[in-house]
Amino acid sequence: MEDIYAKFVSQKISKTRWRPVPPGSLQTADIFAAGSWDNEENYVSLWAIGDFGNLDSDGGFEGDHQLLCDIRHHGDVMDLQFFDQERIVAASSTGCVTVFLHHPNNQTLSVSQQWTSAHYHTGPGSPSCSSAPCTGIVCSNPEIVTVGEDGRINLFRADHKEAVRTIDNADSSTLHAVTFLRTPEILTVNSIGQLKIWDFRKQGNEPSQILSLTGDRVPLHCVDRHPNQQHVVATGGQDGMLSIWDVRQGTMPVSLLKAHEAEMWEVHFHPSNPDHLFTCSEDGSLWHWDASTDVPEKSSLFNQGGRNSTFLSHSISNQANVHQSLISSWLSTDPAKDRIEITSLLPSRTLSVNSLDVLGPCLVCGTDSEAIYVTRQLFS
Amino acid sequence: MEELDGEPTVTLIPGVNSKKKQMCFDWGPGEMLVCETSFNKKEKSETEPGCPFIYIIRKDIDVYSQILRKLFNESHGIFVGLQRIEEELTGKSRKAQLVRVSKNYRSVIRACMEEMHQVAIGAKDPACGRQFSSQVSILSAMELIWNLCEILFIEVAPAGPLLLHLLDWVRLHVCEVDSLLADVLGSENPSKHESFWKLVTILVLQGRLDEARQMLSKEADASPSSAGMCRILGDLMRTMPVLSPGNTQTLTELELKWQHWHEECERHLQDSTFAASPHLESLCKIMLGDEAALLEQKELLNNWYHFLVTRLLYSHPTVKPIDLHLYAQSSLDLFLGGESSPEPLDNILLAAFEFDIHQVIKECSIALSNWWFVAHLTDLLDHCKLLQSHNLYFGSNMREFLLLEYASGLFAHHSLWQLGVDYFDYCPELGRVSLELHIERIPLSTEQKALKVLRICEQRQMTEQVRSICKILAMKAVRNNRLGSALSWSIRAKDAAFATLVSDRFLRDYCERGSFSDLDLIDNLGPAMMLSDRLTFLGKYREFHRFYGEKRLTDAASLLLSLMTSQIAPRSFWVILLIDALPLLEEKEVVFSAEQTYELMRCLEDFASRRPVWREPGVQQLQEDVENTKLEMLRLALARNLGRAIIKEGSLEGS
């Protein structure tokens with residue numbers, strides 16, 4: 001990918017997220033949010049890519065991203081999600097969940113809502129309660145779900161001061177990420193390699209289903225759901241493996257794909273082109289996985305700089321009776337179709353790539369080497 | 001010890017009067033703690049209250065600059081890339097690679113300098129602006145030194161091309177000429193511009209003769225009286241023999257041609273061709289390399305190294321690298337003219353011209369406020385195989401010493417520590433121990449950060465550190481009542497003792513509440529269960545409960561028995577296990593076989609005989625009564641079961 005722009009920003013970036021484009025508009029992504037971690041002062045910032053950046057006639061400036069505004073954030077930014085066009089929800093290592101409001105008129109950010117101790121420990125060593133990092137957020141207007149190192153799940157509503165629902169001790173280990181499955185159902189991944197499905201309609205603190213990797217309890221760090229086929233879920237683990245799950249059947253992953261050499265921090269299906277998947281890792285790499293069926297024509301183009309997949313298909317599902325066209329390319333068990341092209345997107349290996357986001361033809365990622373990379377020609 | 005190279009700088013700590021008070025200090029890895037003390041001060045120490053503060057003193061303040069952080073991060077990538085190109089290449093391609101790396105470093109410095117410059121201009125506070133401006137000049141000096149080192153040590157340009165490189169070097173760093181050029185050319189009548197002659201002179205001084213000739217032709221157009229002279233001088237400029245990169249002519253040919261040209265210039269001067277125009281005459285003198293004429297242009301030359309290069313251009317264009325230092329020294333002396341003494345930058349450049357790499361690095365270390373420059377430059381020069389002979393009387397070699405200093409500075413920073421890891425990796429002798437010492441001091445605020453530190457340690461097989469990090473996290477989890485987490489961490493650390501401790505907590509909680517917590521973990525222990533006996537017991541005991549819940553009574557019974565007979569259950573837990581056997585004994589179906597019942601009885605008697613004997617009456621008496629009742633009930637149940645089992649087994653055998 002020659003059109004990838006790097007900018008050093010003097011802070012380690014933990015999260016990057018595109019602002020969603022209004023539904024039905026033809027606009028492409030032009031603004032993203034970024035959060036920093038491990039600084040003495042951490043920030044949530046908004047950045048613009050766009051044509052007003054290219055004042056200089058020489059092409060070098062074009063595509064470069066410019067800071068629009070930023071605001072202090074107490075603690076490390078552990079997760080970041082756009083709630084709607086103007087509001088951003090940030091998870092803090094202090095256990096606080098904050099909603100920031102963006103004012104486009106004067107380009108400023110302000111705090112619009114805050115749940116200060118959403119996540120906390122109650123232990124013998126801490127008489128009252130000590131804060132626990134909030135590790136993951138997922139938003140679906142008007143609901144916000146947060147998970148944390150305290151194994152707690154909170155359900156907030158944007159206009160409510162208190163949590164609408166809290167599941168204490170939902171998990172005995174650290175919850176690392178959360179996503180919506182179907183509207184009242186969420187999916188969490190934890191540090192002992194389990195995937196749990198929770199149904200908010202049910203009372204009590206028991207999950208409705210537990211799926212897990214076999215025996216070795218490798219921690220799972222990230223999860224994403226297929227945008228169209230809600231039963232298909234991808235997770236990334238501490239050993240860098242990518243697992244594809246079919247939550248309708250079995251308690252084990254459909255396939256395990258050998259991927260990165262260290263923790264996979266994020267995995268994302270392309271929202272409008274879900275045959276494409278993106279992963280990033282502690283080992284400093286950012287990968288584009290292409291499982292579209294018309295691979296043969298493309299292969300020559302995509303092979304350069306990438307590597308072919310080493311595939312450990314681990315098919316356990318019995319899909320002979322399912323109509324072929326209904327099966328997602330990610331669940332395909334036909335060996336001839338198990339062709340996934342993998343392309344490495346970053347020019348050279350850097351420190352950990354902590355976060356990535358894709359929207360339309362645009363991709364943004366943030367790293368520990370204090371650079372934000374942006375490309376606007378993913379499928380060129 | 002060698003003698004000191006310069007006076008140590010004095011740092012005053014605001015708020016501490018070091019004349020009146022005593023101070024004490026302690027070294028840290030990257031910083032120092034200082035506080036007031038009343039040690040050994042006998043008279044009236046309590047009357048005057050001391051300063052209540054402890055000061056943290058950091059030596060490497062540049063690490064804390066927002067803009068320089070970009071320099072550190074970007075150059076980190078180049079550094080790592082440089083360490084990797086190493087082995088494969090040899091000869092020409094290797095040199096080309098090294099030059100490219102050097103240029104990359106320089107372009108990072110320049111980018112940083114430009115940003116700093118922008119900030120300095122935009123600064124509202126003048127003091128702040130001055131600080132940024134001084135940073136800009138430091139960066140600019142770093143780039144200047146680096147560039148010269150690149151030409152002399154990495155490129156190793158031979159006579160001929162050497163001068164071309166030096167000319168580029170001067171042109172790159174004396175850059176106001178371009179704005180002046182635009183200014184003059186932009187005016188209505190360039191040749192009447194007040195700076196016209198200044199511009200032409202600068203162009204000639206920098207050897208930009210084509211441009212100078214174009215300017216002269218403008219002058220010729222404007223004033224016909226001097227047109228002839230301008231044409232002659234222009235011709236001289238055009239015919240000056242220069243080495244062009246693609247040309248195959250030998251150095252001797254060039255020298256010969258140049259000699260002819262030089263004589264022609266001299267002849268014109270002697271014939272007073274330019275007598276009518278002092279400007280043109282002085283230009284001609286410059287082109288003859290006349291020292292006095294050059295020194296007249298001191299202001300335009302700015303500095304002695306510009307003077308040196310111009311002087312070489314017009315008097316010794318094929319200067320050999322080996323002779324450079326002679327000209328450099330004399331140029332410096334001539335230029336300063338005894339009026340002022342050389343500055344640190346002058347000494348550094350002079351040392352470079354003398355090809356004394358160690359002197360360059362030493363002077364830079366003293367003059368510059370951070371280790372970034374010397375560490376990276378030394379590393380690059382080391383890759384050029386220029387530093388092998390030199391060993392320090394402490395630590396290992398110089399490259400490693402400087403890299404260690406730089407990396408330690410990074411580790412003292414709350415956020416840049418991740419960069420330091422790779423620098424330590426490439427220090428073969430002391431890198432590993434330094435990393436071990438530093439990595440343990442990283443505060444682990446979140447699990448995510450801990451995982452990153454763990455990954456660094458695991459990749460380098462630093463088992464001791466891995467264990468200690470996992471232990472810290474497990475301890476934290478216990479303190480926060482997160483037993484599941486604590487157990488996961490002790491399993492990851494393979495810490496049997498701690499796993500036992502956590503398992504005991506689980507069992508205690510079970511005794512208090514009658515139910516297990518964190519089943520999602522305990523039910524999925526797998527092979528990790530074997531880490532410690534207590535953990536195995538915990539896992540197996542939970543398995544017993546599961547069997548019982550699933551009505552797999554025979555499995556449950558044999559598991560329960562084996563927990564006792566294999567001695568895996570802690571003694572204190574036996575009574576609970578025996579009582580757990582009660583409902584199984586009371587089942588309608590016979591669950592325990594006769595054989596198993598005998599074993600259970602043996603366990604029971606074994607337990608009863610080893611029970612501590614209560615001496616004191618009172619509460620203990622009551623407790624003993626309760627236990628005795630339980631034991632009696634068990635004995636009864638066992639006897640009944642034995643009978644049923646014998647009958648059942650006997651009748652089965654008979655049938």
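Order of the sequence lines sets the chain letters (A, B, ...), proteins ahead of strands, with each chain counted from 1.
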Side chain to side chain, B/Ser485 and A/Thr174, heavy atoms closer than 4.5 Å: yes
Among B/Gly484, B/Ser445, B/Ser415, residue most engaged with chain A (heavy-atom pairs, under 4.5 Å): B/Ser415
Chain B contact via A/Asp76 - side chain, backbone, both or neither, heavy atoms under 4.5 Å: side chain
Close side-chain approach of A/Asn169 to B/Arg482, heavy-atom, < 4.5 Å: yes
A/Glu282, part contacting chain B, at a heavy-atom distance under 4.5 Å: side chain
Heavy-atom pair count under 4.5 Å with chain B, highest-scoring of A/Met78, A/Lys196, A/Gln194: A/Gln194
B/Gln459 atom CD: more than 12 heavy-atom contacts under 6.0 Å: yes
Donor-acceptor contact below 3.5 Å, side chain B/Glu74 vs main chain A/Phe8: no
B/His414 and A/Asn39, any side-chain heavy atoms less than 4.5 Å apart: yes
A/Lys7 atom NZ, neighbour heavy-atom count above 12 within 6.0 Å: yes
Winner by heavy-atom pair count (cut-off under 4.5 Å) against chain B, out of A/Ala6, A/Ser369, A/Gly75: A/Ser369
Side-chain heavy-atom pair A/Gln238, B/Arg492 within 4.5 angstrom cut-off: yes
Sub-4.5 Å side-chain heavy-atom contact between A/Leu351 and B/Leu419: yes
Residue B/Trp489 versus chain A: region with a heavy atom under 4.5 Å: neither
Within 6.0 Å of NE2 in A/His74, more than 12 heavy atoms from elsewhere: no
A/Ser10 side chain to B/Arg69 backbone, donor-acceptor under 3.5 Å: no
Portion of A/Glu40 that has a non-hydrogen atom of chain B nearer than 4.5 angstrom: both
Validation row: A/Asp150, B/Asn480 side chains within 4.5 angstrom (heavy atoms): no
Close contacts, residues 447-457 of chain B versus chain A, judged by heavy atoms under 4.5 Å: B/Glu447, B/Gln448, B/Lys449, B/Leu451, B/Lys452, B/Arg455
Nearest-0.5 Å distance, OG of residue A/Ser212 to CG of residue B/Asp520: 10.0 Å
Residue part contacting chain A, namely of B/Thr446, when any heavy atom lies under 4.5 Å: both
Engaged part of A/Asp171 at the chain B interface, taking heavy atoms whose separation is under 4.5 Å: both
